[in-house]
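Worksheet: one structure, shown below.
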Amino acid sequence: MNRKVLIVDDEPLVRRSLRRALETNSFQVIEAEDGRVGLDLWKKESPDIVFLDVLMPGLTGPQVLSEIDASLRQTSKVILISAYTGEYNLDSAKSLGADHFISKPFEDIFAIVKLVSEMVS
Amino acid sequence: MSLPKVLCFGSQRLKNEWKPSSHLMKAAEFQLSEAQQEEEMAVALGFAEGPDVAGAIEALERLEQKHPLTVRLLVVQELDKEIFQQAVNQAHIYRCLSWLDFQKNSTEVLNEALQKYQQLEARASLMKESTRQFRELEALNSSLEKIVLERTQHIEISKVEEDEKLNKVRSLIRLIKDLAQTSSFEDLLQLIRKEFRKFHKVGDPILVYQSNPYRVDLISFQSGQILFTSVQGVFPFSADIDIHGKDLAKTLANHFGRPFVKTMLIPLEPRLMRGAVFAGAQACVCFEMNLPDAEIEGLLDFVRERVQPLATTVDRLLLENELVQFSYRWERTFDGFRDPIAIIDVDNEVLRANKKFAEKVYRKKCYESFAGRQTPCEGCPIFEAMNSGEPRSGQVKVENRVYEVHSYPILLDRTGTVTNVVNQYVDITQARDLYLRLLQSEKLEAMGLLAGNIAHELNNPLTGLRSLTQVLLTQVPEGSTVSADLMEIEKATERSQKIIKNLLEFSQGGTQARKITSLDQIVMKTIPMLKTVMRFHRQDILLQAPDALIEVEPHLIQQVVFNLVNNACQAMKEPGVLKIETHHDAQRHRVTLVVEDTGSGIPAEIQEKIFEPFFTTKKEGIGTGLGLSLAKKIVENDGGDIRLKSEIGRGSRFEVAFPLAERS
């Protein structure tokens with residue numbers, strides 16, 4: 001059974017590149033262009049992995065994290081992504097309830113795919 | 001009118017024999033008598049005969065002596081030469097006739113004689129008249145002489161008086177002249193002593209004045225020296241000349257500790273002083289004197305003539321004293337101010353100024369003495385204040401200091417034209433420095449924020465772009481054209497990401513950790529941000545110290561490099577050559593960055609100031625003037641130094657040297 005990945009990011013190119021890389025590795029990918037849609041899809045689809053951008057219109061990443069039900073939160077792994085270097089790191093991401101943190105820009109997309117594969121296995 | 005009288009004397013016979021003609025009888029009155037007559041006769045007719053002739057001549061002679069006017073005739077019996085001569089010589093007779101001749105011509109003879117008498121008489125009375133007139137003239141003359149004499153004497157007397165008066169006036173004028181030249185109370189006291197020296201029994205003067213309510217000042221001679229003393233209490237001033245005043249003698253005796261018996265006080269009323277400064281102002285000059293009462297009037301005359309000029313002089317000296325004190329107080333007050341202050345006129349001449357403004361301002365323009373300039377300072381509000389009549393403010397820069405200048409117009413006349421301005425210069429260098437630093441740091445902060453935002457906005461698409469390219473690369477055959485194209489895109493996005501990262505680092509304010517890095521690395525990270533300004537010029541970039549490590553805050557050194565390169569590019573108005581080099585001087589344990597341009601060069605006088613804060617040659621709004629001063633500060637903070645070599649028309653060369661880090 002294919003693992004389900006939800007990508008919540010307002011930048012279409014980020015969503016698209018992640019989708020392409022993940023799909024080549026047999027992940028099922030759902031996209032949300034902002035926090036509000038992301039939250040809805042998260043509740044509806046119960047993804048295994050959630051890519052959550054920090055700064056977005058509607059709800060921000062941390063706001064989405066604070067609104068998601070604890071039960072759903074248990075079944076999904078969350079990777080916080082941010083373009084603001086220095087603002088977040090792995091520790092602060094974890095304190096917000098995320099499982100991992102990746103800063104943008106990504107150096108290597110396949111390294112991320114590898115990380116996701118490891119996280120769901 | 002009575003008839004002329006004819007006296008007939010002498011021989012009775014001849015007298016009786018002769019009968020005057022009727023004509024004669026009408027013409028004269030005949031008297032027959034002796035020769036001696038008191039009354040003057042017109043004609044004396046002597047008759048003589050024989051021996052009586054001599055007697056008759058004698059009688060005629062006597063007659064002549066008595067009445068010289070009487071015409072004398074002698075008739076003799078017989079006339080001879082001898083008788084004739086005798087009669088003529090002795091009695092100076094008119095005619096001598098013989099009896100015969102007389103008888104024949106008596107009428108003619110007597111007529112002639114009478115006429116003769118009339119002539120004589122007329123002459124005599126003429127004589128008499130002229131004599132009388134002469135006498136009168138003489139008398140007149142002598143009285144005139146007397147008058148002239150009197151007048152002369154009078155004139156002589158008044159001339160002496162006039163001379164005396166003139167001398168008095170002259171000595172007064174001399175006194176007034178001398179008084180006009182006195183510049184101190186000492187001078188005045190000396191002058192008064194000299195003036196009164198001719199009164200031997202008048203002592204040395206004591207000048208007394210009161211210019212404030214608190215004390216009375218006395219200036220006196222004490223054993224030849226001038227002494228200033230003062231009395232706290234009341235001094236017996238008087239409105240009139242006071243002779244032998246008891247109060248005065250007592251006060252002086254108490255003050256000087258010796259007896260004063262007879263004194264004189266001459267009041268010198270300081271009118272202007274009373275009007276302008278102190279209504280209770282008083283002044284007088286006192287003398288001790290031993291003059292007999294009889295001589296006092298003379299002294300008083302002398303004094304009265306001199307009171308006015310003396311009073312005027314005392315008045316003037318008192319006012320001058322006050323003026324000096326006012327001026328002194330003014331100066332002390334204004335010198336006490338922390339800020340430079342000056343009163344400046346319409347021609348920019350400094351009228352008064354405190355020490356903070358300038359040590360010597362006499363007849364100098366404000367900008368000469370304050371700023372050492374030849375033209376008015378830029379930004380000085382003095383003319384605006386003069387034209388508007390309202391206080392104005394502005395900023396001027398003098399050397400490295402920045403002053404906020406407040407110009408307060410002074411209205412001196414009623415026309416409302418302002419010709420003087422009080423300028424106060426408040427040194428705001430530090431405040432401005434802080435402000436500009438704040439501005440700079442706020443600017444940097446804003447730039448950081450902006451760069452952060454841009455970085456975020458660009459990072460997102462760049463991330464997608466690069467990632468997607470990486471995905472596509474796995475899906476095209478390796479070595480194909482598409483693969484090569486995708487690799488180029490991947491590289492370009494990578495480069496873009498690095499630029500953004502650098503921009504973020506560069507724009508981050510605040511203190512960052514010191515790092516050990518190579519100067520070359522820093523330069524390489526900075527240059528991409530300057531591509532736009534560098535692109536017009538040929539670039540000679542030679543980084544030959546990759547191994548020379550320095551310990552710095554990289555983003556600060558980036559700012560230094562950015563500034564130097566940016567300045568170099570701006571210095572070249574036409575396309576030129578920009579040289580950026582690094583040199584590793586292992587021996588001196590230093591690494592040097594050289595930034596050189598082929599621009600217009602920097603004049604020598606500006607070279608000295610170029611590292612000073614707020615010095616800028618750029619237009620308002622383009623530079624803050626902090627760039628090079630900050631660069632210097634940053635470099636020196638890291639133990640390095642920054643130097644400038646520049647030649648007009650050829651360009652400038654900045655050399656920044658850093659000590660190598662311990663580890664390298």
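Just so you know, these numbers come straight off a predicted model, no measurement behind them. In the text below, chain A, chain B and the rest are named by the order of the sequence lines, each starting its count at 1.
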Give me the contact list for [range] versus chain B, heavy atoms only, anything under 4.5 Å, ordered by residue number.
range                       : result
residues 113-121 of chain A : none
residues 61-80 of chain A   : none
residues 17-27 of chain A   : A:Ser17, A:Arg20, A:Ala21, A:Thr24

Would you mind checking which part of [X] comes under 4.5 Å of any heavy atom in chain A, side chain (CB onward), backbone (N, CA, C, O), both or neither?
X        : result
B:Thr493 : neither
B:Gln475 : side chain
B:Leu458 : neither

Within the distance-only criterion (no hydrogens, no angle test), does the side chain of B:Gln470 pair as donor or acceptor with the backbone N or O of A:Ile109 below 3.5 angstrom?
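Yes, B:Gln470 side chain to A:Ile109 backbone: donor-acceptor pair under 3.5 Å.
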State the [atom1]-[atom2] distance between [X] and [Y], to the nearest 0.5 angstrom.
X        : Y        : atom1 : atom2 : value
A:Arg16  : B:Leu465 : CZ    : CG    : 12.5 Å
A:Leu55  : B:Asn460 : CG    : CG    : 9.0 Å
B:Arg466 : A:Glu107 : CZ    : CD    : 5.0 Å

By side chain to side chain contact (heavy atoms under 4.5 Å, CB included) - contacts of B:Leu542 (at least two apart):
B:Gln544, B:Glu581
Would you mind telling me which of A:Val14, A:Asp53, A:Ile81 has the largest number of heavy-atom pairs within less than 4.5 Å of chain B?
A:Val14
Between B:Thr463 and A:Pro105, what is the shortest heavy-atom contact and its length?
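Reported closest heavy-atom pair: OG1-CA, 3.0 Å.
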